[in-house]
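Read through the structure below, which is laid out as structure tokens, and then see the notes.
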Amino acid sequence: MSERRALAFAAVALALLALVPVVAVVARGAAPGAGETWAHLAGTVLPRYAFNTVALVVLVGAGVAFGGTITGWALAQFRFPGSAAFEWALLLPLAMPAYVMAYAYTDALQFAGPVQSALREVFGWTRDDYWFPDVRSLPGAAAMFVFTLYPYVYLLARTAFLERPPAFVEAARTLGLSRREAFWRVELPLARPAIAGGIALALMETLADFGTVAYFAVDTFTTGIYRAWFSLGDRAAAAQLAAMLLGFVLVAIALEQASRGAARSAGTGRTKAPADDPRPVVRGWRGWTMAALCSVPLLLGFVLPLLLLARLVHAEPEIALNARFADWAWNSLRVSVVAAVLAVAFALLVAYAARLNAGPLPKLAARVLTLGYAVPGTVLAVGVLLPLGAVDGWIADALRGPTGASPGLLLTGTTFALVCAYLVRYFAVAWNSVEPGLARITPAMDAASRSLGQNARSTFRRVHAPLVARSAAAALLLVFVDVMKELPATLLLRPFNFDTLATQAYALARDERLAEAALPSLAIVAVGLVPIIALARASRRRGAPGAVAAPAKLAPG
């Protein structure tokens, strides 16, 4: 078998393996006897799960659309006090997982927290003298998601506003439209495909979340899957709820595609920004109003929760810094490194197979593999546990016959299952960095290498690998950070007595030990800041006025 065919075969094999979890969930949910389980779910918990999930989707979608579009438009159109800093600072909430923010705000806003305590002290109130909104509620959970996920819409909307042809707005103004009318009738329709893409990304993250909704006691499909599997031991119910959640994700993707219709983002075709920033400068109260408008999501989504977590650590450092923190950090580090290295290696393999083979199979395999990012972690966890559990049982039966020994759980009892779920979930993150980097290498280099007698393997090693190294390093970093923050799949698939920073932060917060949960939460945020800082530095090196590119995980496709 030639090297080209071997690479194509490997790419197709990876795609088929990635489909196994989804097929396992659907098959288990449709197994004989599943109808009784479904009838029981429909008559008890399913209406509540569906209502809460739909309500979260509506609230979060509206919130991120408003916050991301307004800030993206303001920074694309004007310069005002602090606008240069806001361009990259508004990305910082991406480093703050929603479940970490939930811990911080709960400590601050609960009855014994500093906010309500200060109100009672200042006004002399007692518990029955005032009403205070409960942050641990469905609206509170939606607010956490909006504060952390609006940057998806901000990045894509701002890029769309920057790239729209200036002549369109100028033509609208010459026809008598005001700036406000030009925004609603020209600029917003042009940016709508990008905004819809950002909303879809935010909603997929919302549907995949477990830590926030579980901590706030909001029953959704993710909490239902976890409860059915662990508390009730009902695999059929867990599989059916997972299939239902997957259906919600597919509906969200379909609605996003339908909302675009035939619309496409229109750009200027320029790859470089002009030497002089053409945006008008807004001074006075209007400029400060815009600065205040951009400050609100930054303060609520990053600065305030970061200060609240730091306050918890500072108040009780001997509690927060316990002896097991190093173990949690080491577990997080090693699974993140393994998953990141394998994800980048597989992305390079599939991208190189698609480059060498003109047929449709490698490209179709890549498309299938990238769809894993849309599958929530809880669905993947159930889909990985079902087939691997069956394989574990088959191996145990095969060894028990001739030897009489029981090998235990060889796959589901180790980090193997955990890494499998990470690879399916985050292959798209690696692909969206690696594939564009490889595509930028001109095919003439391949032809020159072949003319010198080099085969595909040596061409990759001596030509492509050095040129794609920076893209691969970016992919490695992005996957590493995503795995460090991942919670739902890790909770379901982690081996016995294997804890990460994310799982322990959740477990401690669930037990109301918020001071102890603060340090692993801060560590997760600190790791998440690394790609944001790298992104800001890269944009400064390019030197384009107002140019902050979207991270690779936001690339379309």
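Reckoned from all heavy atoms, side chains included, excluding hydrogens, waters and symmetry mates. This chain uses plain numbering: 1 for the first residue, then up along the sequence.
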Fill in: Residue pairs passing the salt bridge (Lys or Arg N to Asp or Glu O under 4.0 Å) test where at least one lies in residues 211-221, sequence neighbours excluded
Arg48-Asp219, Asp219-Arg227
Discussion item. Whether the side chain of Glu205 engages the backbone of Ala208 through a donor-acceptor N/O pair (distance < 3.5 Å, no angle test) should be reported.
Written reply: no
Fill in: Greater than 12 external heavy atoms within 6.0 Å of Phe111's CZ
yes
Practice prompt. Could you pull out all residues at least two apart from Leu14 that satisfy side-chain contact (heavy atoms from CB on, under 4.5 Å)?
Written response: Phe346, Leu349, Val350, Leu369
Practice prompt. For residues 206-218, pull every pair meeting side-chain hydrogen bond (donor to acceptor under 3.5 Å, both in side chains), keeping only residues two or more places apart or in separate chains.
Written response: Asp209-Thr212
Worksheet item: Should we count CZ of Phe66 as having more than 12 external heavy atoms under 6.0 Å?
Response: no
Worksheet entry | Tyr103 six-ring face occupied by Arg510 cation (under 6.0 Å, within 45°) | no
Fill in: salt bridge (charged side-chain N to carboxylate O under 4.0 Å, His left out) against Arg513, all qualifying residues, sequence neighbours excluded
Glu516
Practice prompt. Calculate, to the nearest 0.5 Å, the distance between atoms CG and CG belonging to Leu298 and Leu92 respectively.
Written response: 6.0 Å
Worksheet item: Are the side chain of Thr148 and the backbone of Pro93 linked by a donor-acceptor contact shorter than 3.5 Å?
Response: no
Fill in: Non-hydrogen atoms of Val218 and Ala141 that approach each other most closely
CG2-CB, 4.4 Å
Item to complete: Keeping the roles fixed (side chain from Tyr154, backbone from Glu87), state whether a donor-acceptor pair exists under 3.5 Å.
Response: yes
Discussion item. If I compare all heavy atoms of Ala374 with all of Met204, which pair ends up nearest, and what's the gap?
Written reply: CB-SD, 3.5 Å
Worksheet, complete the sentence: With sequence neighbours left out, the residues meeting ring pair (Phe, Tyr, Trp, His ring centres under 6.0 Å) with Phe248 are Phe221
Worksheet item: Closest heavy-atom contact between Ala428 and Thr370?
Response: CB-O, 3.4 Å
Response to the item:
Residues passing the side-chain contact (heavy atoms from CB on, under 4.5 Å) test with Val525, sequence neighbours excluded, are Met96, Pro97, Val100, Phe302, Leu306
Discussion item. Suppose we screen for ring pair (Phe, Tyr, Trp, His ring centres under 6.0 Å). Which residues come up paired with Tyr105, at least two apart in sequence or across chains?
Written reply: none
Response to the item:
Residue pairs meeting ring pair (Phe, Tyr, Trp, His ring centres under 6.0 Å), one or both in residues 494-534, sequence neighbours left out, come to Phe210-Tyr506
Worksheet item: Residues in side chain to side chain donor-acceptor pair (under 3.5 Å) with Ser521, at least two apart?
Response: none
Response to the item:
side chain to side chain donor-acceptor pair (under 3.5 Å) filter on Arg334, not counting sequence neighbours, yields Asn331
Discussion item. Could you work out, with salt bridge (charged side-chain N to carboxylate O under 4.0 Å, His left out) as the rule, every residue matching Arg136, not counting sequence neighbours?
Written reply: Glu512
Worksheet item: Can you tell me how far the CG atom of Leu487 sits from the OG1 atom of Thr500, to the nearest 0.5 Å?
Response: 7.5 Å
Worksheet entry | Straight-line distance of Thr53 OG1 to Met244 CE, nearest 0.5 Å | 9.0 Å
Fill in: salt bridge (charged side-chain N to carboxylate O under 4.0 Å, His left out) partners for Arg311, two or more places apart
Asp107
